[in-house]
Amino acid sequence: MADQPTLAEIASCVSGYDPNALPVAQAQEFIARLVPRVQAVEKLPIRSALGRVLAEDIVSTIDVPAHDNSAMDGYALRGAELRADAETPFAVAGTGFAGAQFDGAVPAGHCLRIMTGAVMPAGLDTVVPQEFCRLDGERVIVPAGVVRTGDNRRLAGEDLARGEPALKAGRLLRPADLGMVASLGRAEVPVRRRLRVAFFSTGDELRSIGEPLPEGCVYDSNRYTIHAMLTRLGVELLDLGVVRDDPAALEQAFRDAAASADAVITSGGVSVGEADHTKQVMKRLGDVLFWKIAMRPGRPMAIGRIGDAILFGLPGNPVAVMVTFYAFVRDALLAMSGAAVEPLPMLRAASTEAIRKKPGRTEYQRGIVSRGPDGGWQVKITGSQGSGILRSMSEANGLVVLHHGQGNVAAGEAVDVLPFDGLV
Ligand code: AMP
Ligand code: MG
């Protein structure tokens with residue numbers, strides 16, 4: 001793509017850009033400027049569209065609900081006929097059922113027995129829930145003061161009004177959104193095509209599951225956490241395995257990945273002291289920067305383009321992989337998917353203990369959030385915080401985010417926590 005800015009041009013737009021001590025916020029801004037959005041659109045049946053990115057505004061072509069209707073089982077009547085300080089008797093003109101229009105008349109002094117969802121006949125504006133009423137022979141007695149005019153009536157178009165945008169393009173479709181699309185009578189939703197993401201692990205010490213584990217080697221775990229994190233994002237995956245520290249093998253892997261995917265994620269081989277060939281091959285094949293980010297864990301990272309694909313060269317340490325993924329890659333992939341990216345909500349929780357923290361870098365400590373004795377949220381840091389200790393991530397239910405400018409935290413002080421689990 002010819003009209004893309006170069007990495008140097010992007011860097012010049014990011015104020016305070018310093019590749020050797022890059023604050024997290026600047027790295028995020030750089031990446032947001034770097035990544036393109038997929039353009040292709042496909043139409044999907046509603047049931048297949050969960051988690052996909054809406055490609056166009058959905059404008060309501062009808063009022064939902066189409067008619068004023070009852071929100072309760074009870075009696076529909078004219079609110080003006082209710083006495084303010086005494087009970088009011090009504091004769092019953094008939095019954096209105098949901099889905100079947102009552103087409104008789106409801107004269108003055110009459111009410112209509114009505115079911116939830118049944119259309120309100122013209123002139124009736126109020127529904128008294130049946131549990132408030134008393135029957136006296138053929139008549140319904142409504143006590144004073146149990147409803148006001150307009151109560152328990154749903155107005156036509158109050159959910160979705162004709163001509164109004166029901167959902168905006170860029171929305172990540174959630175269950176309620178799909179229900180709304182259905183309530184408009186639409187069977188299909190236009191969504192952006194799924195992002196394709198290729199990934200592989202680099203490092204001569206890595207072994208794949210099923211292979212023997214010689215002295216000094218470790219099983220490749222990053223590919224499994226990356227696979228899982230990408231699966232949660234709903235992208236298409238291309239797992240290219242473990243790639244040996246060999247220039248030809250690395251070149252082939254990068255070429256294959258860039259040719260078939262929108263984004264390429266690697267882990268390992270990007271730190272300063274690296275003896276291996278990963279950085280050289282990245283540099284040779286693409287326009288790539290090597291950052292030292294002011295964060296912990298996850299200092300080294302490569303970012304750039306190889307062909308038309310965006311490269312995220314994550315560090316090798318398993319916790320650093322996950323933290324850099326959530327700090328940078330997640331939002332970038334969502335943006336590439338065409339989603340309107342919102343910052344993730346954070347909890348404020350009281351730290352159960354003091355935490356040492358140097359200003360001038362962002363730290364992501366693994367924590368367990370629970371209810372404290374006073375009913376508020378508290379967070380306890382999980383054991384050892386080494387960037388190779390994946391257990392710290394597994395035990396945690398949130399990331400404690402200690403911001404760039406923040407210093408030591410006292411016991412009991414509130415900190416920001418990114419919870420791992422969401423509701424929908
Ligand atoms: P590197 O960034 O390549 O220097 O790797 C840093 C540390 O992470 C080293 O201890 C590596 O053995 C480890 N590591 C790198 N890649 C992986 C992986 N895919 N799975 C598990 N550990 C890894
Ligand atoms: Mg390595």
Side-chain angles (χ1 to χ4, degrees), residues 19-22 24 27 197-231 237-254 256-257 261 263-286 288-304 306 311-329 361 363-364 366 384-396:
N20 292 313
L22 191 62
V24 166
V197 181
F199 57 101
F200 56 90
S201 297
T202 69
D204 268 353
E205 77 283 25
L206 302 180
R207 291 295 176 274
S208 291
I209 298 169
E211 291 176 359
L213 198 62
E215 186 77 26
C217 290
V218 292
Y219 282 120
D220 168 20
S221 63
N222 289 344
R223 233 160 15 97
Y224 295 86
T225 44
I226 289 173
H227 181 283
M229 293 188 292
L230 291 172
T231 299
L237 304 175
L238 188 61
D239 182 345
L240 298 176
V242 174
V243 178
R244 304 194 301 291
D245 181 25
D246 164 71
L250 284 163
E251 174 162 348
Q252 191 59 48
F254 277 112
D256 288 349
V264 179
I265 300 176
T266 62
S267 71
V270 292
S271 50
V272 187
E274 278 297 322
D276 66 25
H277 295 100
T278 310
K279 288 170 83 171
Q280 276 70 32
V281 175
M282 285 179 179
K283 234 186 276 182
R284 184 150 50 76
L285 296 183
V288 179
L289 299 173
F290 296 92
W291 284 343
K292 292 192 197 92
I293 304 175
M295 69 187 288
R296 205 162 101 159
R299 217 161 86 91
M301 183 171 149
I303 187 83
I306 295 182
L311 169 72
F312 300 93
L314 305 185
N317 275 306
V319 181
V321 165
M322 298 194 74
V323 168
T324 48
F325 185 94
Y326 288 118
F328 306 112
V329 182
R361 69 183 183 207
E363 289 191 17
Y364 298 86
R366 278 70 72 202
S384 171
Q385 294 286 304
S387 68
I389 299 179
L390 196 51
R391 188 162 54 86
S392 70
M393 207 59 201
S394 172
E395 282 174 1

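Every number for a ligand or one of its atoms is a count from 1 in the order of the listing. Note that the coordinates shown come from a computational prediction; the quantities given were computed from them, not determined experimentally.
For the pair Gly388 and ligand 1, no heavy-atom separation below 4.0 Å is found. Taking a 4.0 Å cut-off on heavy atoms, Gly203 fails to register as neighbouring ligand 1. The shortest separation from a heavy atom of Glu205 to ligand 1 is under 4.0 Å, placing the residue in contact.
Counting heavy atoms from C-beta on, the side chains of Ile303 and Phe328 never come closer than 4.5 Å. Side-chain atoms of Ile265 and Val329, non-hydrogen and from C-beta on, do get closer than 4.5 Å to each other. Here the side chains of Ile209 and Tyr224 are in contact, with some heavy-atom distance below 4.5 Å.
Contacts between Ser221 and ligand 1, counted as non-hydrogen atom pairs separated by less than 4.0 Å, involve both the backbone and the side chain.
If you check each of Ser208, Gly269, Cys217 against atom 3 (O) of ligand 1, the one with the closest non-hydrogen atom is Gly269. Scanning Ser387, Pro318, Gly316 for the heavy atom closest to atom 2 (O) of ligand 1 points to Gly316.
Heavy-atom proximity to Tyr219, at under 4.0 Å, picks out these atoms of ligand 1: 20 (N), 21 (C). Here is the list of ligand 1 atoms found below 4.0 Å of a heavy atom in Asp220: 18 (C), 19 (N), 20 (N).
Where the criterion is an N or O separation shorter than 3.5 Å, residue side chain and backbone included, Arg223 fails it with respect to ligand 1.
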